[in-house]
Number of protein chains: 6
Amino acid sequence: MSANEAEVRRERFEHGMEVLERIDGEAGRRVVESLGDVSPELGHQIVAWGFGEVYSRPGLAPRERQLVTLGMLTALGGCEPQLEVHVNAALNVGLTPQEIVEALLHSAAYCGFPKALNATFVAKKVFGERGLLPVTAEQ
Amino acid sequence: MSANEAEVRRERFEHGMEVLERIDGEAGRRVVESLGDVSPELGHQIVAWGFGEVYSRPGLAPRERQLVTLGMLTALGGCEPQLEVHVNAALNVGLTPQEIVEALLHSAAYCGFPKALNATFVAKKVFGERGLLPVTAEQ
Amino acid sequence: MSANEAEVRRERFEHGMEVLERIDGEAGRRVVESLGDVSPELGHQIVAWGFGEVYSRPGLAPRERQLVTLGMLTALGGCEPQLEVHVNAALNVGLTPQEIVEALLHSAAYCGFPKALNATFVAKKVFGERGLLPVTAEQ
Amino acid sequence: MSANEAEVRRERFEHGMEVLERIDGEAGRRVVESLGDVSPELGHQIVAWGFGEVYSRPGLAPRERQLVTLGMLTALGGCEPQLEVHVNAALNVGLTPQEIVEALLHSAAYCGFPKALNATFVAKKVFGERGLLPVTAEQ
Amino acid sequence: MSANEAEVRRERFEHGMEVLERIDGEAGRRVVESLGDVSPELGHQIVAWGFGEVYSRPGLAPRERQLVTLGMLTALGGCEPQLEVHVNAALNVGLTPQEIVEALLHSAAYCGFPKALNATFVAKKVFGERGLLPVTAEQ
Amino acid sequence: MSANEAEVRRERFEHGMEVLERIDGEAGRRVVESLGDVSPELGHQIVAWGFGEVYSRPGLAPRERQLVTLGMLTALGGCEPQLEVHVNAALNVGLTPQEIVEALLHSAAYCGFPKALNATFVAKKVFGERGLLPVTAEQ
């Protein structure tokens with residue numbers, strides 16, 4: 001790798017890390033750190049590409065990206081750890097617990113009740129940790 | 001919501017709850033209760049629609065609905081909590097441990113061994129809790 | 001079914017049909033009609049429950065529900081016919097082609113390129129039918 | 001391969017082929033034949049193992065195996081060609097169109113509407129080819 | 001975007017395009033081109049990141065990357081268009097039809113017969129187009 | 001079952017068990033043993049068919065089969081227990097931690113980051129148990 005390539009690589013990572021910290025906060029940084037001894041390159045790519053190149057694009061508002069993301073993670077199934085990060089991220093970018101819960105109720109019609117339940121219990125865990133329970137209907 | 005709509009809504013829930021209790025028993029009621037502080041509407045819809053409108057239809061016998069359900073939950077993957085409820089439900093409506101295990105063996109040909117294994121270990125957990133181990137071949 | 005139950009059932013269907021027509025338009029109605037000779041009950045439930053009870057809820061704006069839906073359908077895979085209906089619906093409720101394409105690019109990071117590609121080619125088909133190609137970057 | 005192993009292999013195939021023909025009929029045999037020039041071993045294993053060792057086991061009735069199978073194929077998604085074979089098989093072993101349609105309606109609560117729709121339209125195609133449309137509610 | 005960023009972006013694309021052409025050949029280029037009027041950015045990222053940053057890494061031989069890829073695409077389901085590209089790519093990097101077919105037979109044990117069948121019929125289509133049928137057992 | 005059939009069945013199991021022990025080692029044997037009181041037939045078929053008939057075929061080297069398998073298990077999602085067995089198996093047949101990690105990084109482009117992360121954390125667990133952390137870039 002040339003000096004210039006190494007510099008570009010470092011800049012891309014730093015830019016992505018700023019985006020990641022703004023959206024995912026502490027939870028996202030912990031994921032990247034825990035990759036350090038097993039696959040630092042996966043951590044690099046999540047940051048530099050996933051956040052630096054994709055998430056940071058202007059075409060959708062952060063809360064809209066999180067709605068797409070909640071839909072995808074619910075539908076994929078088996079991605080509870082990532083849902084936990086992204087329910088936190090959804091709150092960080094301004095979605096309310098009511099809106100998150102509504103998105104997951106909506107998912108029941110498309111993914112079925114089991115996946116909607118799995119995702120809702122992840123949301124319950126995150127809301128509990130952040131003192132946001134009970135979620136009450138909006139007036 | 002008009003008084004009449006509220007009444008219809010309540011009746012639909014009560015009807016669904018009777019169906020749920022007959023099939024899923026305690027395990028199903030606990031799922032609905034645990035939704036109470038995060039998404040009571042999801043709990044309502046599972047009961048009023050899932051059980052009250054879909055499960056209660058006459059076109060298939062309860063044990064037949066459970067066979068379809070075991071097949072779906074095994075194939076979806078990542079739905080171990082729901083499989084646990086439905087292995088219990090399958091026993092409640094008269095499927096034997098041998099039949100449940102046979103359905104999951106059958107699933108190996110369609111979903112592969114990993115998902116068949118995940119589902120079978122859920123069944124083992126439920127059978128153990130209900131004193132139904134070991135499962136012996138039917139004579 | 002009592003006269004009152006039949007009336008409630010009819011009203012729920014009609015309410016759902018209004019929601020469906022507003023969101024999915026002609027494409028949604030055609031799906032329901034094509035179920036008429038094979039599973040009219042599935043058509044009824046999609047309309048009365050899916051649209052009448054879930055989609056019509058106030059907690060998320062229609063464009064936000066479509067973003068969740070596009071994410072789910074992309075992640076599920078194999079749901080190209082439904083994606084086609086919902087790319088149309090997304091346009092109907094005000095998402096721009098640029099926003100739809102951005103949501104699908106976003107999906108690449110979570111679902112991988114193959115599913116993102118499948119969804120993007122469905123969007124291309126719909127955009128082409130509606131004279132919305134080429135999609136140009138927003139200024 | 002010893003002469004005895006070849007003999008065992010041939011017998012296992014023949015036994016499986018009898019089961020396949022009884023259940024899947026012509027459609028199943030065509031799948032195996034179309035594998036002849038690309039992966040005859042996959043065809044052999046589907047017949048000798050899938051049908052000869054799994055499907056032929058006594059623990060579940062054929063119609064019950066088909067209900068599990070319809071549930072799995074609906075949930076997996078993207079398995080429309082196999083669903084077509086197995087909707088035919090379901091009819092062959094005595095499930096009525098009403099029961100098949102009911103199982104697929106049931107699947108909507110667990111897999112969501114998109115997968116239930118995909119499966120139902122496969123059923124419609126098969127029913128149409130066998131002169132079984134319209135499917136009318138059982139009295 | 002600064003002049004330097006645009007230059008880096010262009011170089012990354014060109015590097016990725018070289019990798020893509022070496023592996024996927026004409027089929028890969030056609031996919032990227034067909035994105036031109038709907039999501040050129042998705043095409044850019046597949047090339048610049050997918051091929052330029054991931055595929056081009058030295059840690060696995062090209063034929064090994066294709067084996068992983070065939071396994072993933074078979075397991076995901078509904079990715080037949082991408083499987084078609086990657087069966088071609090697998091042949092391009094030196095896997096034989098026998099090895100590809102063997103990998104797909106192997107997949108039956110992990111993903112079940114339906115997905116193994118779908119993938120095998122894609123392979124048959126590609127082999128047919130390239131005059132590689134019938135696939136005969138290796139001696 | 002005739003005496004001859006029982007003998008064939010026993011031989012097939014013994015042959016598969018040799019293959020399983022060579023590849024999966026202790027972890028694989030434990031899975032089969034834990035099926036003993038719930039579904040010994042599933043254990044038998046995994047051994048006799050999965051390992052004895054599929055895995056033992058000569059068309060792909062063991063390390064190549066493991067690469068296909070890692071790709072499939074990552075893509076399926078929710079198969080962390082099986083991934084754990086197969087990361088161990090991959091090491092047993094000669095894949096290095098670097099190659100395994102590279103295959104999982106590769107999977108990010110096809111399955112998305114969440115599934116790549118889930119698989120990589122399983123690999124981290126296995127590597128830790130075997131004293132193989134940190135994984136350092138190959139020189």
Side-chain angles (χ1 to χ4, degrees), chain E residues 16 19-20 45-79 82-83 85-86 90 95-113 115-116 119 135-139, chain F residues 16 19-20 45-79 82-83 85-86 90 95-113 115-116 119 135-139:
Chain E
V19 181
L20 178 144
Q45 295 296 350
I46 288 173
V47 172
W49 187 72
F51 285 89
E53 290 228 29
V54 178
Y55 233 105
S56 65
R57 288 171 54 82
L60 282 175
R63 59 174 276 132
E64 292 175 326
R65 287 192 187 271
Q66 286 303 329
L67 287 167
V68 180
T69 305
L70 293 177
M72 289 189 286
L73 291 173
T74 300
L76 287 174
C79 295
Q82 290 77 34
L83 258 174
V85 171
H86 282 282
L95 284 161
T96 64
Q98 286 84 354
E99 288 171 324
I100 293 167
V101 156
E102 189 66 39
L104 301 181
L105 173 60
H106 183 77
S107 79
Y110 292 88
C111 308
F113 286 130
K115 288 181 175 176
V135 178
T136 53
E138 288 174 291
Q139 304 306 321
Chain F
V19 181
L20 178 144
Q45 295 296 350
I46 288 172
V47 172
W49 187 73
F51 285 88
E53 290 228 29
V54 178
Y55 232 106
S56 65
R57 288 171 54 81
L60 283 175
R63 59 175 275 132
E64 292 176 324
R65 287 191 186 273
Q66 286 302 330
L67 288 168
V68 180
T69 306
L70 292 177
M72 288 188 288
L73 291 173
T74 301
L76 285 174
C79 294
Q82 290 78 34
L83 257 174
V85 171
H86 282 282
L95 284 161
T96 64
Q98 287 85 355
E99 288 171 323
I100 292 166
V101 157
E102 189 67 39
L104 300 182
L105 172 59
H106 184 76
S107 78
Y110 292 87
C111 308
F113 285 128
K115 288 181 176 176
V135 178
T136 52
E138 287 174 291
Q139 306 304 320

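Throughout, protein chains are lettered first and strands after them, A, B, ... in sequence-line order, and every chain is numbered starting at 1.
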query: For chain E, which residues from residues 63-75 of chain F lie under 4.5 Å away (heavy-atom distances)?
result: R63(F), E64(F), R65(F), L67(F), V68(F), T69(F), G71(F), M72(F), L73(F), A75(F)

field: Which of L76(F), V54(F), L60(F) touches chain E most, by non-hydrogen pairs under 4.5 Å
entry: L60(F)

- prompt: Between C111(E), C79(E), A108(E), S107(E), which shows the greatest number of heavy-atom pairs under 4.5 Å with chain F?
  reply: S107(E)

